[in-house]
Amino acid sequence: MDALLLQILNGLDKGSAYALIALGLTLIFGTLGVVNFAHGALFMIGAFCSVTLNKILNLSTVTLDATQKDFLGNPLKVKTPYVESWFGEAAGQSIIDWSVPLAIIFAIPVMLAIGVIMERGLIKHFYKRPHADQILVTFGLAIVLQEVVKAFFGANPIQTPAPDALDGVMDLGGAIGLQLSYPVWRITYFFFAMAVIGGVFAFLRFTTFGMVVRAGMADRETVGLLGINIDKKFTIMFGIAAAVAGLAGVMYTPINPPNYHWGMDFLVLSFVVVVVGGMGSLPGAVLAGFLLGILESFASTTWATTTIPGINQIIIYLVAIIILLVRPRGLMGRAGVMEE
Amino acid sequence: MLNLNQRDTGTFLFVIIITVLAPFVMNPFPTESAMAQFNAGYPDLMQRFVIFGIFAIGFNILFGLTGYLSFGHAAFLGVGSYAAVWMFKLLSYNIIPALVLSVIIAGIFSLFIGFLCLRRSGIYFSILTLAFAQMSFAIAYSVLSNPKFNLTNGETGLQVYADDIQLFKVENLTTPHLFGVKMNSTYELTLGAWDFQFNVGYYVSAVVMILMFYVSIRIFRSPFGLMLRAVKTNQTRLNYTGLNTRPYTLAAFVISGMYAGLAGGLLASMDPLAGAERMQWTASGEVVLMTILGGAGTLLGPVLGAGFIKYFENILSKINDNVLHAWFQYLPEWLENSLVWVLHWFTGKGWHLTLGLLFMIIVIFLPGGLMDGANRIREAIRGRKAKKNAKTPAE
Amino acid sequence: MSILEVQNVNKSFGGLKALQNVNLKVEEGTIHAIIGPNGAGKSTLLNCFVGKLVPDTGSVTFDGQSLLQKKPHEINQMGVSRVFQTPEIFTDLTVFENVMIPCFAKRDGSFELNAWKPVTRESDIRERAEQMLIDVNMIDKRDMIASSMSRGDKRRLEMAMCLSQSPKLLLLDEPTAGMARADTESTIELLKEIQARLKITMAIIEHDMGVVFSLAQKISVLAQGTVIAEDLPDAIRSDPRVKEAYLGTAAED
Amino acid sequence: MTLKNTTRRGVLKGGALAGAGLAMPQILTAASHAGYTNAPQGADVTLGFNVPQSGPYADEGADELRAYELAVEHLNGGGDGGMMNTFKVSGGNSMLKGNGILGKEVKYVTGDTQTKSDAARASAKSMIEKDGAIMITGGSSSGVAIAVQGLCQEAGVIFMAGLTHSNDTTGKDKKANGFRHFFNGYMSAAALAPVLEKMYGADRTAYHLTADYTWGWTQQESIQAATEAKGWKTANNVLTPLATTDFSSYVAPVLNSGADILVLNHYGGNMINSLTSAVQFGLRDKQVNGKNFEIVVPLYSRLMARGAGENVKGIFGSTNWHWSLQDEGSKAFVKSFGTKYGFPPSQAAHTVYCQTMLYANACETAGTFNPCGVVEAMEGLEFDGLGNGPTTYRAADHQCFKDVLVVKGKENPTSEFDVLEVVEVTPRAQVEYAPDHPMFAGGDLGACNPGA
């Protein structure tokens, strides 16, 4: 029982990341009709926003400490971060400690800018080109982005810990007599994801901007005829999609130390999520994200792997294949969208 | 000649001449010169040129003609390699049974996957093939390599051991051979400051590629090829013209799968080892890059693209900072250092970045690939834009 | 003798009843027009003929055989060709290649792995395609890429593609929609000429009355999913029900 | 074997003389020369450094390259000589004099393995076929090492393996032309088990998470056997797909399994992610069966441990070498590496540096670059002063036997490099095994192959 609940929690957690990435991906596909293979890379860049902020906050003055020796026997170089010398040691340390949540503020403008630049500079020219070309150019972009990140940050994963206050384990099951302890940060991530998803939906639901975009998703040409400058709105939409993926990346860094390869790792997966949920369906993407997360968790249990050896390796792809063959519009896709 | 029109005969002869003379063409710089770094005329790379050429030619029959973008063709290459190595393990090192089996197995495998994937088109088809390829990779990498049932030998790669069965084992033939002629035999010709290497494996692969290139020309120019191009243009019309598109696309898929299997079998024949990473989706992405880079839907493009990418992978990745410094040593030091600093990002360990950039540039500015670029240059030299309506299709 | 028979066909999408008890007979060798206001169900009906849609109930028979459950290419192989509202042609191929494809389909059936013999050696197909282009007066455009032609030429090409299969029944979906007056007239002439020369049965969906009355030998009027009248053109012209359907209450005068 | 000309440069001179204006072609076949592949003819000799420059192990590859450059510098007489000064062979000094190898200046070419067998073999082949490399070395994964080792055996050049920890490299996939300085899964287990018993007691139940590929399996098999011999029980062994990034669903069930030890048979990115997950789930703060729950990482790498950050503190594992060792060899190496690059070398750097020195020494001893001569000189070689104490290259399987370091994540690191501390130097006698040990059985070393 506890094991089952634990796997569901795990699934929701993984699903949060999948859902956030897929949300942006399907938003871009729904509004712009563009298949963005660089979306995983945006997630990765978000994660490195967090790393960058951490590095910036750790910029230090170097003093030599003659009492200690470094590995060559020279006096040890002791680094004092500027923030500590500016705000005092305690305040400075807590600023560094909270660098991941702080990175949200840092990442939003950065990701919006990257999204807008990407759309204006590249994607715009591909609206009229075949899907294959869009896939290929964004695939090329994904390679470039990951190599640039590698050139700056190296290939090794970089540890970016959560704030001490949110590090540790919370006992969720004590009240109901179950042994169910779960990392605080993962719970935070789940709620953060829900908030972002809720924000995006509310934005689309309750603002005029959102209404136009939704109308545009339903029928791009008609909205264009109404004389609304839909292109500009779509540019902003692309920026928002990039920001959502970026935020998902920022907050994911304490769960797994980020490396330059994350984009490709999450790319195939997020496409599967979008397909399972239904191309262009926002609720579908969210639902499929959580569903696949949970399914993946269950497939990893000893029970599953002993029943069907290797099921944990292939479950995601198997689901994608079955969905595509049996119900190509996905769980919540509209009939007729991309079915043939 | 050979039932080809004049233009195709020209292309075909060009391919034959280039492949036969490759040991010379690829080795333009004297062995001891600084530029020797750029020579590509050594057996392994030349073999890769023609083998990946075969892979790309086959892929082009599917993607170039029908427009179906498969992200899973590396799976067939991998399957072909495994089949070939198994033939080495079970029968003998003779490459003929290995090649035959690799084509057959890849054909069956692609029939199965194609049958399922072709129920969808567009991006859905791409994602389906991607999912199948990733699944095949995972299965080959660990599921089918467990100690109880070891079909692929996992990370280490499938290879031939001395205690393997080898029913028709021949003494002294411990590497792949064609009726006794060893694939790894190399003859060398020294001509002044130049060394040229003539490798048996390369010429065997080259002959296979030339044959396969010929087959692909015939397919391109046949009614079947016409139908495939029609599939790309307008499936609705084709259906309402009384043609069932599914068998056409499936046939194209299987043919390209068999080409991939043959390429995989040849890879294993040149070097008897088959690894799972050949099946990864990034490897499938590579053949897509090759085809696009050269020019999808053109005859020569995929071969060019394959050569280009393999050249980059093997030559550019070996240019380290030391080599760069050696090139620019005659320059003033500040200039030398800044040049090296700039190039450093793009060569050696940075070659993936160059590849990504190059690829983007091609897709953005030259959607027709290198062939398109060559045509544009030719037209520019002629000084007039060729009439659009006089353009010969598919070339 | 009727070549196409529609009996009690019903088709609904969700709550919307697109076709209700439609009955229709197309006589062999005639031009039969199906008219009706927008949303009357004309396109739905046509799609039931070609296998794109399957009626919920009722039967559609062609030449004595049921068309239900048949795929578009199978129906075409039975001898039904279709011209679309916006010309569906192979835009990336040359005019000549466009016409060769239906010739191959006619000769080889729905699939043939003919991957070895060059197209240039298929002399019977080439002759037939060339003849067809001469017939529709397009032989000078033989090597043009189809996408670069005018809309009228595209329509003409599509017609040639359909005719090259010598169909038993030619379905035309608003063949003059969006055409200039002169083009419309030349299309009408072309259709008349084809009908006179080849005696091909045609079913035309059209809402341009001028076209319909100058072409059709028989007319069915479709309104709100049912056939409200089926008769000779003159009779249809004076039928009050038709006026009502087209003009609403104005039928009182 | 091949009919490849291996006296390239000699012929070249002849060609230049004979054909200054005439360019007389000379077709060479096997009959026209005898010797071995890529015999160096001029004033220099080329070595091939084949390391991962892209992919997840690129940083290890970069560190290996630094060490190679340093080794070449030292061999050619540059720098402070590093470990060349402390390198002792069978009691005496090594044969290295700082004048290159056998008087020839050492040159090198580099290539990218991409941590893929195919790419690694392609890169190695180009070094052999195009650049005339006489020896290939490097690598950061067992699959790649085995693939390249097989290739070198066929081509007739020496392969000096870099990082490769699978039992198979000198087990069922051993080759006469290949040598491994690095330790292996069995030795890790043999060194770790006694320390683990001492620290955590004999009454323990272990839960294994194992990367689902060849290396993971051999590592897990080794550590399970070694710990069970000390009285531990094994609760479960769960295979995790290599591509896993979030290990939460594998870590979560551990606590309820009754196990009180978690063994992570993971390396690289897998290790960082699984350890991070395990710590996140609070495993280390738990008590099971009245004992503190503990985590073990059998194979440590400092570069990777850095990626796991705080999480490695207090966690035991093994490593091949660590820069904090205080023997003369290690100190000399750290000094020259640190002076040149500004940070201490990794175990990967140390391994490949040693391999280069050992190869050079073997050539000097043999008096030839001929692989068969090198193999003879290497087999049974006893040496010291390369940082791991007295060491032997065993003739039977070309595995190096030396002390193994048991390390622990440091509680109070003073710098970003100061991540591990050495807990115990396990004497080599304790980690040795018979060449026909079941975990290593089945292979055939074969005979040395000089190529041509």
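Convention: sequence-line order gives letters A, B, ...; per-chain numbering from 1. All values below come from the heavy atoms of this structure, side chains included, with hydrogens, waters and symmetry mates left out. Since the model is a prediction, treat every value here as computed from it, not as a measurement.
Heavy atoms closer than 4.5 Å to chain A are found nowhere in B:L144, neither backbone nor side chain. With a threshold of 4.5 angstrom between heavy atoms, B:I292 approaches chain A through side-chain atoms but not through N, CA, C or O. Proximity to chain B (any heavy atom under 4.5 Å) is restricted, for A:V35, to the side chain, taken from C-beta onward. Neither the backbone nor the side chain of A:I308 comes within contact range of chain B; no heavy atom of the residue lies under 4.5 Å from a heavy atom of that chain. For a residue to count as touching a neighbouring chain, one of its non-hydrogen atoms must lie under 4.5 Å from one of that chain's; by this rule B:L130 touches chain A with the side chain only. Residue contact with chain A, scored on non-hydrogen atoms closer than 4.5 Å, is absent for B:F125. Interface residue A:L122: only side-chain heavy atoms are found under 4.5 Å from chain B. Contacts between B:I364 and chain A at a heavy-atom distance below 4.5 Å involve backbone atoms as well as side-chain atoms.
Taking both residues in full, the closest heavy atoms of A:V144 and B:G356 are given as CG2-C, 3.5 Å, listed atom of the first, atom of the second, then distance. Heavy-atom minimum distance, B:F359 versus A:L136: CE2-O, 3.1 Å. Between B:A131 and A:Y317, the shortest heavy-atom distance links the atoms O-CB, 3.6 Å. Minimum heavy-atom separation, B:S142 to A:Q313: OG-NE2, 2.5 Å. B:L353 approaches A:E147 most closely through the heavy-atom pair N-CG, 3.7 Å. Residues A:M279 and B:I127 come closest through the heavy atom pair CE-CD1, 4.2 Å.
Here the straight-line distance linking atom CZ of A:F37 with atom OG of B:S126 works out to 7.0 Å at 0.5 Å rounding. Atom CG of A:L141 sits about 4.5 Å away from atom CE of B:M360, to the nearest 0.5 Å. B:I139 CD1 to A:I314 CD1: the interatomic distance, rounded to the nearest 0.5 Å, is 4.5 Å. Here the CZ atom belonging to A:F152 is positioned 5.5 Å from the CH2 atom belonging to B:W345, to the nearest 0.5 angstrom. With rounding to the nearest 0.5 Å, the separation of CD1 in A:I315 from CE in B:M135 is 10.0 Å.
Scanning residues 287-306 of chain A against chain B with a 4.5 Å non-hydrogen threshold yields no residues.
In this structure, A:F139 has its ring center closer than 6.0 angstrom to the ring center of B:W281.
Of the listed residues A:A151, A:G310, A:A142, A:A320, the one with more heavy-atom pairs under 4.5 angstrom with chain B than any other is A:A151. Taking chain B as the reference chain and counting heavy-atom pairs below 4.5 Å, the highest number among A:I143, A:L145, A:L324 is found for A:L324.
Within the 3.5 Å criterion, the main-chain N or O of A:P328 finds no donor-acceptor partner in the side chain of B:R120.
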Report task. Please lay out, stage by stage, how A:L325 and B:L128 fare under the test side chain to side chain contact (heavy atoms under 4.5 Å, CB included). Result -> CA-CA 9 Å; A:L325 292 177; B:L128 261 178; 4.1 Å; yes
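The side-chain heavy atoms of A:R129 and B:V363, taken from C-beta on, include a pair separated by under 4.5 Å.
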